[in-house]
Amino acid sequence: MKIPIVVVAYNRPRSLTRLLKSLSEAKYPHQNIDLIISIDKADNNQDVIAIANKFNWEYGEKKVVCQETNLGLRKHILKCGGLSIEYGSVIVLEDDLLVSPNFYLYAKQALLFSTKESAIGGISLYNHQLNVNTRANFSALEDGYDNWYFQFASSWGQAWTKEQWGGFIEWYNTDPNIDNNTNVPAYVRSWSSKSWLKYNISYLVEKNLYFMYPKIALTTNFSDAGTHVGNDSTIYQVPLDYCIEKKYNFSYLKDALAVYDAFYENKKLHEVLEIEEHDLCSDLYGYKSSMDHRYILTSKILNYEVVKSFGKSLKPHEDNIFRYIDGFEIFLYDTFNKQKNLGRKDFDRQTAYNFKYIPYRIVRKLFLKQSFSKLKNLWKKIIKR
């Protein structure tokens, strides 16, 4: 399997320099790896083109492709992903990423494994530690494997075989309407028309496929300021894999406990609760709007019969269900029976669970700073009137 590395660039010279440096420092199994730097057309990216042309790639052929027209991010990624058809597979990296020294070794092993698991629709090199829908902390359940399954495509370091990409593009070319698909998080559906990612996520949901994610990330994201990001941010930075070269231990879907839907909800909880999958809606984050199932497992206070209640002490939160931790913070409801629930949420405990300790003086300073900024912006608007 020949796997080229495709770098997607536009007009961020600092970002591209940082990514290329990390690529040059990574480990590779052979010296026949194509590096394709695809640069979208812009009026101010001469520095980016110069950096790409000057970069010395020692592990194979380097190709700098300058797009003749401005494609925009969505069309640009789709064009780069399409190289998997030519090569048989592809690794795609946007320019604001940094790669682990092991990223290529992992990607190659993961792609080879994915040909034996039909439920895989792509490979992620990034590992989420934040639920992007709710901004709550997230970590995949530790089940002894080096991967987990997620119905959420990755845009911060990803790879596809030609079969995985071909399935997505065949679906995408039908011009699907995803706006009313409540099985796709509302936050994802709200993304702009420039997003290719929301279509790949919707494809996974509709076809019941998964991206295979690593337990320890092989890429991390700088969220550098650019066309789609207003300010630099560290919110999506995650620890990288620096282990010595190894053979990764991947799970098949049937054996994995760390399997999640697009809402970051564990899809194996029905087995623990001995409820048929089609009868249970897991909503531990309290974010789902459509819950047309007989049984609902949620942190929400709802007026249905409580079949069982759980505490929220263990992390990740679904482990409280796996281990049957008693308490009154997570409820299993039977929606066939209406019943008043007198439970109340404990704000202090809920906050302490979701966040690490922050000193009061820091919280106070942050609150005052943001409040002042909002008042300042409001004052500017009043003056303009």
Side-chain angles (χ1 to χ4, degrees), residues 117 119 128-129 131 133-134 136-145 147-152 181-186 204-213 215 251-346 349-350 353-354:
E117 173 57 84
H128 285 276
Q129 294 193 344
N131 182 329
N133 301 312
T134 66
N137 292 334
F138 170 83
S139 61
L141 191 73
E142 183 53 65
D143 58 0
Y145 295 99
N147 68 297
W148 57 286
Y149 289 94
F150 192 17
Q151 283 188 317
F152 206 97
N181 186 350
T182 56
N183 290 321
V184 178
L204 297 178
V205 171
E206 184 174 317
K207 298 298 183 180
N208 198 26
L209 298 173
Y210 299 84
F211 254 50
M212 190 171 84
Y213 275 73
K215 286 287 181 64
S251 65
Y252 289 95
L253 184 64
K254 64 181 179 61
D255 300 320
L257 292 178
V259 181
Y260 296 82
D261 66 16
F263 295 83
Y264 293 71
E265 299 286 347
N266 191 296
K267 294 188 70 174
K268 292 296 182 86
L269 289 175
H270 70 96
E271 297 178 2
V272 181
L273 297 170
E274 298 181 337
I275 297 173
E276 293 294 329
E277 184 174 6
H278 64 269
D279 282 336
L280 178 68
C281 173
S282 294
D283 184 40
L284 299 186
Y285 286 101
Y287 182 71
K288 290 183 177 179
S289 57
S290 177
M291 296 185 289
D292 52 347
H293 299 70
R294 175 172 180 176
Y295 297 100
I296 300 174
L297 181 69
T298 183
S299 55
K300 292 179 180 178
I301 304 296
L302 302 176
N303 290 321
Y304 297 111
E305 177 191 353
V306 177
V307 178
K308 173 70 177 174
S309 64
F310 304 87
K312 193 175 179 181
S313 299
L314 298 178
K315 299 180 181 181
H317 57 190
E318 67 262 31
D319 202 22
N320 293 285
I321 316 303
F322 278 96
R323 301 303 299 273
Y324 278 90
I325 301 301
D326 288 330
F328 299 95
E329 292 165 284
I330 300 171
F331 303 92
L332 175 63
Y333 296 103
D334 183 347
T335 64
F336 281 14
N337 299 311
K338 291 278 189 178
Q339 186 174 308
K340 183 71 174 177
N341 186 346
L342 300 177
R344 293 289 183 270
K345 289 190 176 182
D346 186 330
R349 182 172 169 78
Q350 186 177 18
Y353 183 88
N354 286 326

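- Under the 4.0 Å criterion applied to side-chain N and carboxylate O atoms, K308 and D326 are assigned as salt-bridge partners.
- Annotation: side chain of D143 is in contact with side chain of K215 (closest heavy-atom distance under 4.5 Å).
- For Y264 and H128, the gap between ring centers is short of 6.0 Å.
- At least one side-chain heavy atom of S313 sits under 4.5 Å from a side-chain heavy atom of R349.
- With hydrogens and angles disregarded, a donor-acceptor distance shorter than 3.5 Å links the side chain of S299 to the backbone of L284.
- Annotation: side chain to side chain contact (heavy atoms under 4.5 Å, CB included) contacts of E206 (sequence neighbours excluded): W171.
- The shortest heavy-atom contact between L332 and Y295 is CD1-CB, 4.1 Å.
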Query raised in the report: What do the steps show when you test F138 against Y260 for ring pair (Phe, Tyr, Trp, His ring centres under 6.0 Å), and what is the final call?
Result: CA-CA 11 Å; F138 170 83; Y260 296 82; 5.2 Å; yes

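- Without hydrogens or angle criteria, K312 side chain to G327 main chain gives no donor-acceptor distance under 3.5 Å.
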Query raised in the report: Run the side chain to side chain donor-acceptor pair (under 3.5 Å) check on Y287 and N131 step by step: do they pass?
Result: CA-CA 11 Å; Y287 182 71; N131 182 329; over 6 Å; no

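- Taking the six-membered ring where the residue is Trp, the centroids of Y285 and H317 are separated by under 6.0 Å.
- At least one side-chain heavy atom of E318 sits less than 4.5 Å from a side-chain heavy atom of L269.
- K340 places a side-chain heavy atom less than 4.5 Å from the side chain of N303.
- Contacts of Y252 classified as ring pair (Phe, Tyr, Trp, His ring centres under 6.0 Å), with partners at least two apart in sequence or in another chain: F113.
- Under the 4.5 Å side-chain criterion, counting only non-hydrogen atoms from C-beta, L204 is not in contact with F150.
- The pair K288-E265 does not count as a salt bridge, with every side-chain nitrogen at least 4.0 angstrom from each carboxylate oxygen.
- Taking all atoms of both residues into account, the shortest heavy-atom contact from F263 to N133 is CA-ND2, 3.8 Å.
- The side chain to side chain contact (heavy atoms under 4.5 Å, CB included) search around S251 returns Y145, N147, Y149, A256, not counting sequence neighbours.
- Counting heavy atoms from C-beta on, the side chains of F211 and F152 never come closer than 4.5 Å.
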